[in-house]
Amino acid sequence: MVANRCQVALYVSLARWLFCVDGSENMGRYVVRRLVGAIPVFVGVIVVVFILTTVVPGDPARIMAGQRGDPETIARIRKEMGLDDPLHIQMLNFFKSAVTFNLGRSYRNNMQVSEAILSRFPATFKLAVAGMVIAVVLGMTSGIISAVKQYSVLDYTSMFVALVGISAPSFWIGLLLIWLFCVILRWVPGTGTGNGEFVYLILPAVTLGVRPAALIARMTRSSMLEVIRQDYIRTAWAKGLGARTVILKHALKNAMIPVVTIVGVETASLLSGVVLIESVFQWPGVGRLFVDALTYRDFPIIRGEVLFLAGLFIVSNLLVDLSYAIFDPRIRYD
Amino acid sequence: MSKHEMAFSSAVAKQPSAAKEPKGRSLWADGWRRLRKNRLAMLGLFIIAFMTFLAVFAPLVAPYDPIEQLIWTKGKAARLAPPSKEHWFGTDLYGRDVLSRVIYGTRISLTIAVAASVVSLVIGVTLGAVAGYYGGKIDDFISWLINVIYAFPFLLFVLSIVAFRPASLTLVYVAIGFVSWPSIARVVRGQVLSIKETEFVEAARAVGAKDFGIIFRHILPNVIAPVIVQVTLGMGSMIMTEASLTFLGFGTQPPTPSWGYMINQGREYLLSGQWWWSVFPGLAISLTVLGFNLLGDGLRDALDPRLNK
């Protein structure tokens, strides 16, 4: 009874702390609250993944047994995989395995799903970081220049290029880059990773960066234009501050919030991009693993991939929200 | 609701907007006036009109049959022939005219854009309106559903739906529509939330209008403008998604002249110098998506009253 009372007190104080009953706020508490808030979403994700990969035509056991699998083998595989259990039992089992990320083995090479994904992830991570660095540097630079020199030739050109960058399919841009820089000019190798040399990273990273760069450029421009017209910027100019200080220190920092949002949203949608780019460049990351798994109906891998990437997506969105505070201390976590 | 009640409620509903507007200028006329001044938006509209024209009159415009393999009639010379007077965009490995295939490809892309939009509109408007109007538990549930679907990387979700099922156009647009409704539902929900508190809705309720009638007759007409913007911008990304799917080899059966699939087929030959097979379909995708993006941006500027200075 005493222990129970202690427990209740503990839970109450925990709940108070989480939901800011006393009205104060801090970042750690916000993080925990957001993570707790992500749980129902992740539960939904697990259910959807289960439905997507279970309610499909064709018997996975038959696929595993291959063309010549006799009925007995298929029946045995069905039993091993738990395919004969009622759907709600299968779903519960999937839930358990999803939460522990113990999703069984690949149908194709018998590798642990988590191992297969984690061994491929560094390559994707490298590509995504490189792509995003290119996007941020390129996008923000051209966005700032466009805003400062509004209606100049430079402005029109870079905004036109940005518009084309948003409208052209990334995989097609990738192919054009291979054609130009590898086939015609012979500057860089086309596909693969070689022995991990840097040159192999250039084309895929640029391709991946084109779309976010274009979006960042547009957002930086419009956000800067809004800020530049404000009184405090005029004051800064009037004080005789240099252009660099006014634009980079006073204006840019306040123009960053929408840009950070775009960077965050695009980092997340980069995960869709890598599926295409990795196929174009034969890049051995999670994106190609996913496409291969789809082709071979390797359901454990597909489930693992979708769960993993959706989880990554949720976490990266959280990080974006947290990063707002760095750029604008006025933003409160509540 | 009886006839005169309905007449009364719609008269009540119309009054405030009629009083505000100067004579003869509706929101739509105003929007169109602004849109017409926007040169880029007009360019977008022109591109879309042009692509629609090609799609409708493809048999008349295309110089060849898109699946006719000319190597059987014209011999090896028709295989991977570079662009020439006869074949403006060259021919592919099977001697099919790339220009004709690109022209017929507009049919697939525009069908996807329209059909998937209809699917996402039906789901998105219904769920968004219901969530915004009723609030409470229903809203919580629908908002949760929206967040769940948003948690998936878009292309991954569509791929997981399409990849294991027999390839068909219907499946592709249903899948794309099914994944893209949340953006519409969000817009509709937000608008409904604010409109349902207005006086004309209260008036409609006071005269005994049913929920269904209030939502469809009084609230939704006021939500159309932002939804149109959302749908136009969405069409571009739907076309892109379809191209991505077929580029990866899912969603279309071989002889179908789908742009993404053509790029995929031609990619090997791009490396050996036969660039036309992949380059022209890619240009077609870029141009079409550009058209929708330009028009969507223009519509947003024209129809968004907040920007109306």
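Throughout, protein chains are lettered first and strands after them, A, B, ... in sequence-line order, and every chain is numbered starting at 1.
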Original post:
Nearest 0.5 Å, what's the CG-CZ distance between B/Leu156 and A/Phe313?
Top reply: 10.5 Å

Subject >> Worked verdict on B/Phe157 versus A/Leu52 for side chain to side chain contact (heavy atoms under 4.5 Å, CB included) >> reply: CA-CA 9 Å; B/Phe157 201 158; A/Leu52 280 180; 3.5 Å; yes

Subject >> chain A contact via B/Leu283 - which portion, at a heavy-atom distance below 4.5 Å >> reply: both

Subject >> Minimum heavy-atom distance A/Gln282-B/Arg267, with the two atoms named >> reply: NE2-NH2, 4.1 Å

Original post:
More than 12 foreign heavy atoms under 6.0 Å from OH of B/Tyr269: is that the case here?
Top reply: no

Original post:
Is chain B contacted by the side chain of A/Ile314, its backbone, both, or neither, given a heavy-atom distance below 4.5 Å?
Top reply: side chain

**OP:** Name the option with the most non-hydrogen atom pairs under 4.5 Å to chain A; the candidates are B/Leu155, B/Leu270, B/Thr288.
**Re:** B/Leu270

Subject >> Residue pair A/Arg218 / B/Asp297: nearest heavy atoms and the distance that separates them >> reply: NH2-OD2, 2.8 Å

Original post:
Any chance CZ of A/Phe42 has more than 12 other-residue heavy atoms, nucleotides or ligands included, within less than 6.0 Å?
Top reply: yes

**OP:** Compare every heavy atom of B/Ile263 with every heavy atom of A/Leu175, then report the nearest pair and how far apart it is.
**Re:** CD1-CG2, 3.5 Å

**OP:** Counting only heavy atoms closer than 4.5 Å, note whether B/Phe250 contacts chain A via side chain, backbone, both or neither.
**Re:** side chain

**OP:** State, with a plain yes or no, whether a side-chain heavy atom of B/Val279 is found less than 4.5 Å away from one of A/Trp179.
**Re:** yes

**OP:** Kindly say whether B/Ser286 contributes a backbone atom to a donor-acceptor pair with the side chain of A/Trp172 at under 3.5 angstrom?
**Re:** no

**OP:** Sort out for me which of B/Pro166, B/Ala163, B/Gly282 touches chain A most, counting heavy-atom pairs under 4.5 Å.
**Re:** B/Gly282

Original post:
Which bit of A/Leu294 is near chain B, if near means a heavy-atom gap under 4.5 Å: side chain, backbone, both or neither?
Top reply: both

**OP:** Indicate the atoms forming the closest heavy-atom contact of B/Trp144 with A/Gly44, along with that distance.
**Re:** CZ2-CA, 3.4 Å

Subject >> Portion of A/Thr295 that has a non-hydrogen atom of chain B nearer than 4.5 angstrom >> reply: both

Original post:
B/Ser160 versus A/Thr53: any side-chain heavy-atom pair under 4.5 Å?
Top reply: no

**OP:** Answer whether the closest heavy-atom distance between the side chains of A/Leu309 and B/Phe152 falls below 4.5 Å.
**Re:** no

Subject >> B/Asn293 portion near chain A, given a 4.5 angstrom heavy-atom threshold >> reply: side chain

**OP:** Taking the side chain as every heavy atom from C-beta outward, state whether A/Phe290 and B/Leu159 have any atom pair closer than 4.5 Å.
**Re:** yes

Subject >> Heavy-atom pairs under 4.5 Å with chain B, option from A/Ile166, A/Leu163, A/Val47 with the top count >> reply: A/Leu163

**OP:** Find the distance between CZ (B/Phe292) and OG (A/Ser167) and round it off to the nearest 0.5 Å.
**Re:** 11.5 Å

**OP:** For B/Leu271 and A/Ile178, work out which heavy atoms get closest and say how close.
**Re:** CD2-CG2, 3.5 Å

Original post:
Would the number of heavy atoms belonging to other residues, nucleotides or ligands and lying under 6.0 Å from CZ of B/Phe50 be above 12?
Top reply: no

